[in-house]
Amino acid sequence: MTQYQSEFLQHLDERGFLHQLTNAEAVDKQLATGAPMTAYIGFDLTAPSLHVGSLLQIMLLRHFQQCGHRPIVLMGGGTTKVGDPSGKDESRKMLTQDDIDFNKANIKKIFEQFLTFGDGPTDAIMVDNADWLEDLSYIDFLRDIGPHFTINRMMTFDSVKLRLEREQPLTFLEFNYMILQAYDFMELSRRFDCKIQLGGSDQWGNIVNGMELARRMDGKELFGITSPLITTADGGKMGKTAQGAVWLNEEQLSHYDYWQFWRNVQDADVGRFLRLFTELPMDEIKRLESLEGSAINDAKKILADHCTALCRGEDAAKAAAETAIKTFEQGQLGGDLPTFSISDADLAAGKAILDVFMDAKLGQSKKEIRRLIDQGGAKINDVAVADANVAVNETTFDGADQIKLSAGKKRHAILKRG
């Protein structure tokens with residue numbers, strides 16, 4: 001590992017957060033002075049929750065604050081209306097202002113779990129780039145900012161180049177995204193003396209653009225620090241599962257399902273995820289990742305407990321863990337399992353098992369559920385469903401108020417009557 005002077009870079013390097021730095025010696029020296037510095041990460045508001053794929057960036061801000069510095073959470077109320085083309089093969093869905101406001105209100109709650117907000121020198125602040133982007137005059141913006149960007153160079157950035165190489169259309173709207181992000185960095189520098197932009201490695205070009213814009217227009221030296229893009233051991237995208245995105249907000253994903261995501265990570269990912277997504281001491285992490293055989297499951301439970309406690313709170317982590325014990329080890333119905341209901345009318349008429357499993361989010365399509373049934377993996381109260389054409393009715397409940405639905409060994413839900 002590189003020897004850094006500052007606590008922040010030492011910490012990131014030790015735990016595997018570092019990918020690229022601009023002028024590493026200079027930023028390390030400034031971070032090591034003891035005076036709080038300010039850094040930001042931007043988050044577009046494309047959904048009512050962020051998912052686990054954004055968690056690494058949130059942890060970066062948390063570590064930055066814990067090392068005595070001030071983090072800025074930049075809400076992309078303006079840039080969401082444009083859409084970041086990075087890593088995308090098609091344009092993002094255009095959202096209304098009401099959609100953006102709703103998403104912003106819900107996403108704000110996530111950061112309150114990880115950061116301390118306030119007016120102190122190291123307290124986090126949250127701002128929205130709509131505050132300055134929406135007031136820009138188009139002609140003035142083109143005249144003042146446009147000369148600092150060349151089409152030649154913009155075409156070399158991955159967010160543009162990869163889309164074109166895959167012969168997917170890139171709209172002029174999206175093409176402007178990198179300019180707006182560069183302008184954000186300069187604006188935050190002017191307003192809050194923000195000197196660092198943090199982000200994933202896919203944002204490197206956008207970060208450098210902002211640094212160069214501030215240097216040319218304001219004569220300021222700004223810095224960029226990126227983290228590696230995280231994939232799972234099998235090459236899958238972090239935060240995506242066969243069942244969909246792993247959302248950080250409870251409204252989109254139950255505490256239990258969030259805990260289960262971490263409990264079910266691959267063995268090869270345990271040590272790396274403990275470093276990145278928990279605050280356990282490194283000595284303890286090294287002990288846990290050295291476990292072999294079935295003992296690695298203990299490390300996974302610790303990973304799930306700590307990740308859930310950070311994001312959802314200690315009570316949520318405890319409840320999810322207790323539900324897992326009841327469900328898997330004691331054969332009971334854990335109280336924190338995702339719960340759904342069936343109406344009296346549907347119960348009387350009989351509701352198709354495929355629809356019931358879809359309602360319970362135990363499959364992404366009826367085709368997937370039908371295959372699960374054929375393979376014996378769909379169960380009601382631990383008894384395999386024999387036929388995809390059966391219906392859930394009064395007989396299924398057999399006088400009980402609720403039943404357990406299972407998709408394989410790891411996904412469960414409670415179905416209640418009424």
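Here, residue 1 is the first one in the sequence, and each next residue gets the next number.
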Polar contact flag, side-chain donor to acceptor under 3.5 angstrom, Lys416-Ser341: no
Check step by step if side chain to side chain donor-acceptor pair (under 3.5 Å) holds for Thr232 and Asp234. CA-CA 5 Å; Thr232 55; Asp234 62 3; 2.5 Å; yes
I'd like to check Asp355 versus Lys366 (side-chain heavy atoms, cut-off strictly below 4.5 Å). Are they in contact? yes
State whether a side-chain donor-acceptor pair under 3.5 Å links Asn249 with Tyr258. no
The criterion is salt bridge (charged side-chain N to carboxylate O under 4.0 Å, His left out); which residues satisfy it with Asp218, sequence neighbours excluded? Arg190
Identify the residue among Gln181, Met154, Gln203, Arg153 that makes a side-chain contact (heavy atoms from CB on, under 4.5 Å) with Asn209. Arg153
The criterion is side-chain hydrogen bond (donor to acceptor under 3.5 Å, both in side chains); which residues satisfy it with Arg216, sequence neighbours excluded? none
Close side-chain approach of Lys195 to Thr38, heavy-atom, < 4.5 Å: no
Quick check: Phe111 with Phe117 (ring centres under 6.0 Å apart)? no
Sub-6.0 Å ring centroid separation between Tyr40 and Phe185: yes
Is Ser227 close to Gln57 at the side-chain level, that is, under 4.5 Å between some pair of heavy atoms? yes
Contacts satisfying salt bridge (charged side-chain N to carboxylate O under 4.0 Å, His left out) that involve residues 56-69 (not counting sequence neighbours) are Arg62-Glu279
Residue pair Thr79 / Asn129, side-chain donor-acceptor N/O under 3.5 Å: yes
Spacing of Asp44 atom CG and Tyr177 atom OH [to the nearest 0.5 Å]: 3.5 Å
Do Trp247 and Asp257 touch side chain to side chain, with heavy atoms closer than 4.5 Å? no
Report yes if the distance between the aromatic ring centroids of His63 and Phe17 is under 6.0 Å, otherwise no. yes
Is any side-chain heavy atom of Val246 closer than 4.5 Å to a side-chain heavy atom of Leu253? yes
If you take the centroid of each ring, where Trp contributes its six-membered ring, are Trp262 and Phe277 closer together than 6.0 Å? yes
Gln266 side chain near Phe273 side chain, heavy-atom distance below 4.5 Å: no
Counting C-beta onward and ignoring hydrogens, is there a side-chain heavy-atom pair between Ile196 and Met37 closer than 4.5 Å? yes
